[in-house]
Amino acid sequence: MNTILQFDQVCVEARDRHRDMTPILQSVNLRVEMGEKLGIVGGSGSGKSTLLRIAAGVLSPGLHHTSGKVSTAGVNMLAVDPKVRQQMYGSTVALVAQSLGEALTSHLTIRAHFHDTLGHDVNDETILSSLGDAGLDGVKYLQRFPHQISGGERQRILLALALVRSPSLLLLDEPTSALDVGTAADVLATIIKLQELRGFALICVSHDLGVVGRVSDQVVVMNRGQIVEHGLTERVLATPSDSYTQSLLASIPRLHVRMRTPQLSVQPPVVIVHELTVIRNGSTRALDSVSLKVGKGEVVGVIGESGSGKSTLLSVISGLVSSSSGSIHNGNGFDLSTPLRNRPHAVLSEIQMVFQNPDDSLNPVRTVEQSMSRYTNANRDEVLVALDAVELSAQFLTRRPSEMSGGEKQRVAVARALLMHPQLLLLDEVTSALDVTVQASVVKMLASLQAASGMSMVMVSHDIALIASLADKLIVLRNGKVVEQGSVDAVINSPIDPYTQHLVNLAATAIRK
Amino acid sequence: MKNLTRRALFTFGAFASLAVLSFLGIDALPGDGCTALHGRFATPAKIAECREEHRLNDSVVVRLGNWANDAVHGDLGYSIKRDDQVAQIVLPRIRNTAMLAVVAGLMAFPSAIVAGLLIGRYPQSRVGRIINTLGLVAMTLPEFVIATILWLVFSIWIPIFPGVTVVPSNATILELLPHIWMPALTLAAVVFAHSMRTMKAGVTTVKLMPFVESARLRGTGERVTLLRHILPAALPPVVNTIAVDAAWLLTGTFVTEAVFNYRGLGRLAIDAISDRDTAVILPIVLFGLGVYLTMSLIADMLVRLLDPRLRQRS
Amino acid sequence: MNSSSQRRLIRIRIIVYCVLGFHAIVALIAPLLPLTPTDEQDSGAMLQGFSATHWLGTDALGRDILSRVLHGGRPSLIIAVLATLLSAIIGVALGSLAALAGSWIDEALARFIDFLLAVPTLILLLLIASFFGHDPFILSVTLGLMYAAPIARVARGSTQVLLARDFVRVARLQGGSGINLVFGEVLPNVWRVVLTEIAMQFTWIILAFSSLSFLGLGASPPTPEWGLMIAEARSYMTINPLSVIAPIVMLGSLVLAVQALVDRE
């Protein structure tokens, strides 16, 4: 067989402003044959994206190649004239980088994108057949601008553009991370079909073992700049030999593995939502007649894809967003449509919220202690107790957000909410920005926190397996409407709504055994 | 379309209310056409007679109404001090200033866009850095300093341009042309760096965006990437900068015109202000307002054309 | 960023601070220096080049250029500092209030800011200066009001961005008031951007005032003021270039230094 890509002792370092160096890739050796399908998996900072990008001869700003050789299709990518490298793009090697739909030029039509890649004398037939292979049918796409098509369609167009000049190596960086579960599965199926059709070598990087497991024959596991395991995908997923791979596999939420025992007892409610509707931009219904009750000590999970209204629901319950119609009360009958600034402190402290993005939830200029005590008026002892509850030590008191990892920041955000002694904690995708292994530890922490405090929680996620592991009750939202709700066992074991059935099926087959 | 209509309505409303405010404000200034005419030789009797003759004793509302009515019909009023129709005084000056603005704009804007694009794309270039620094200096220094330096260099040390213009305000365009280069060069030097730096900043940001790398990685050529992917994405803020600068070129060139004794609107404004000829000041103020508001409306429309996402919404 | 360009940046920084320090000290202590009085006319020595008695020569009235140039920044600096303070206070208050209030109040204030931006600055200044004389207080207030609009726009924009961030939402959920949010969460994160804009306005105000003086409507003779000095000396430029070059260097170095300070390149 012919080798399409070879790494020899490749080392890459990051240098910051103070000229401190951090190794990103440490003596990486790798060989990929023509037509092979390789998956690369690892956490953030594992070097997996750097590895993929350097295969195309690209290094992100701040990174430096220090030693070793990368040869792609026999060309020494890091030593060759940039012009030669530029000519290889699209014809020999193509890279579809990770992006949240920003990889297409917003002011150009899809047809113009193909023209810029292929030259202006290309006819629409060629473009249409290329789009057709990527699962997009119809002339309608040619005239459209990127903002007029959905995320999944954009990803397919990027694939079509990358493959239109038949490269022999396709590099994909997190091809599905910005997509909803259902769309992601369809896009992965298209990738597999295209690979079978064209026979190019495929390298696919993802943080998600499920994604990698689906598209690859061989898998590489990376941790801290090193390849810790490399082997047949089936073998690695079934019997991992490296300890990091083992913990990675063990951290993946499974549909039927529970972190706490679901309770079905009927408790007095802490919040009652009745036929809540939120209208955005004049006509769009972000939420459409949603009703729910959260009992004392109950954990309610809300599942839905992006745009389903799940985050809006939390914002309304918290009081950050006001509803258009419907009612919302707390357990004592207090009207929670009252603006935040008019609420008595006792009511205000009842409901607290933790947000999705760890980089956004703490004021960058403050230390942990300042952030935690500023509005809660907590003294140092109370802050320490709260930090202890989220398994952080006293060392963190003086840290600033820039000195903490994502998981640590989310723990501080939870601890800060705890200082208000809330009865209800709202969790908006709090683990979705974290690595799988970190996510597992945060989920475990949340479970034990709930058990110790008896606090109610409403948690929102796109990951049905994750949410099922913590919740007593599940609510499935779609286009602002509740399509299914019930006890966690009922929804997981015998879903009634077809959309819920689809989600459960996808989650059940997420890891190919 | 709804947004655009609203935007145009705002522009019109702002103009109308600022126009009324300007009329009232200028009216409230001490003195009027009659005191301006008689200056320090005024006697109460002369002033009273003059005011009677020119109906300045009417209430301010009546005069505002009359003025607005005349203005809509193309009559900008009468300057007692200059004993002439205001339109006769102002229009040739607007033509002269507009010519100066067009020449300066043609010198500055296209070259600024090209320079900004190239300097943003190739920041290491030595020539680029020198142009950037010179532009920054020219942008920061007051115009009269630049004018003085240019005058020193091009009229005295290397006399290739006439220093002070001596043509009358109603000279033909051909007569005016030789005298336009020095003030135009001064104005171009002042505005060049604004749009050049906006362009450069835009390119510096845009060239690191995912869609640029994506275009390059699927084999799009360097020239196509620069001209079709980077340039249009970096252009909207430049359009706004150019609009503000163009408005300034048409209305804010008092100092440069004074330095070169160029008979444009700016010179007229200074003269009219110093001999308190409010009848002439008012249309100049309104012209300034109108130009600024129109330019920002045009800029808004152009930005919408450049970005399909905004185009759809408007 | 490589180390040579970093070194160059540090060097520029040092020069900038030295120039600004020089101007600040000169403006403060000029009256205490053993200089010839600024309006003393040496009728025997008009338009002379440098000499032992007049280090930078004399102008057309035989006045000492060095003394006049060192005093010449005071009028513009006093007005610029007053006007900038005023515009900063109004601008930041207006901008952050608009962003914080939201809905129709924000819409109305934003329109008001647009409205202010549309006012032709220089002609208004010329009018005020011409009709109300050279009163520095009136000039500072006018300048301060007019130059508040751009600061308000920047303050509003950056406050809006900040208010949408999650840590501000948490502060609201934990009972933070509007004042708390602005001073506790927003300003500590945006002061750099706002300060840059304020410094830019400072240079524009200095430029506007010296342009006024150049046109004869700012500082009035015989006050030593750079813009005025350049205007007066222009006719004699060929005889004694120093009389023009000296105030140009002073004015130029001040505005360029402030500009270089805010320009992060």
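Order of the sequence lines sets the chain letters (A, B, ...), proteins ahead of strands, with each chain counted from 1. Model, not experiment: these values are computed from the prediction.
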Query raised in the report: Hey, is CZ on Arg280(A) packed in by over 12 heavy atoms from elsewhere, all under 6.0 Å?
Result: no
Query raised in the report: If you check every heavy atom in residues 106-123 of chain A against those of chain B, which residues fall under 4.5 Å?
Result: Ser106(A), His107(A), Leu108(A), Ala112(A), His113(A), Asp116(A), Thr117(A), His120(A)
Query raised in the report: Among Val93(A), Leu171(A), Thr105(A), Val96(A), which has the most heavy-atom pairs under 4.5 Å with chain B?
Result: Thr105(A)
Report task. Measure Val164(A) against the heavy atoms of chain B and call it side chain, backbone, both or neither at under 4.5 Å. Result -> neither
Query - Proximity breakdown for Arg85(A) and chain B, heavy-atom pairs closer than 4.5 Å - result: neither
Report summary line: Given Leu161(A), Leu163(A), Leu95(A), the one with more heavy-atom pairs under 4.5 angstrom with chain B than any other is Leu161(A)
Report task. Determine whether more than 12 heavy atoms belonging to other residues, nucleotides or ligands lie under 6.0 Å from atom NZ of Lys193(A). Result -> yes
Report summary line: With sequence neighbours left out, the residues meeting side-chain hydrogen bond (donor to acceptor under 3.5 Å, both in side chains) with Glu213(B) are Arg53(A)
Query - salt bridge (charged side-chain N to carboxylate O under 4.0 Å, His left out) against Lys37(A), all qualifying residues, sequence neighbours excluded - result: Asp217(A)
**Report entry** Contact listing (chain A partner; residues 216-234 of chain B; heavy atom under 4.5 Å)
**Finding:** Arg216(B), Leu217(B), Arg218(B), Gly219(B), Thr220(B), Val224(B), Arg228(B), His229(B), Pro232(B), Ala233(B)
Report task. May I ask you to name which of Gln86(A), Gln87(A), Arg165(A) has the most heavy-atom pairs under 4.5 Å with chain B? Result -> Gln86(A)
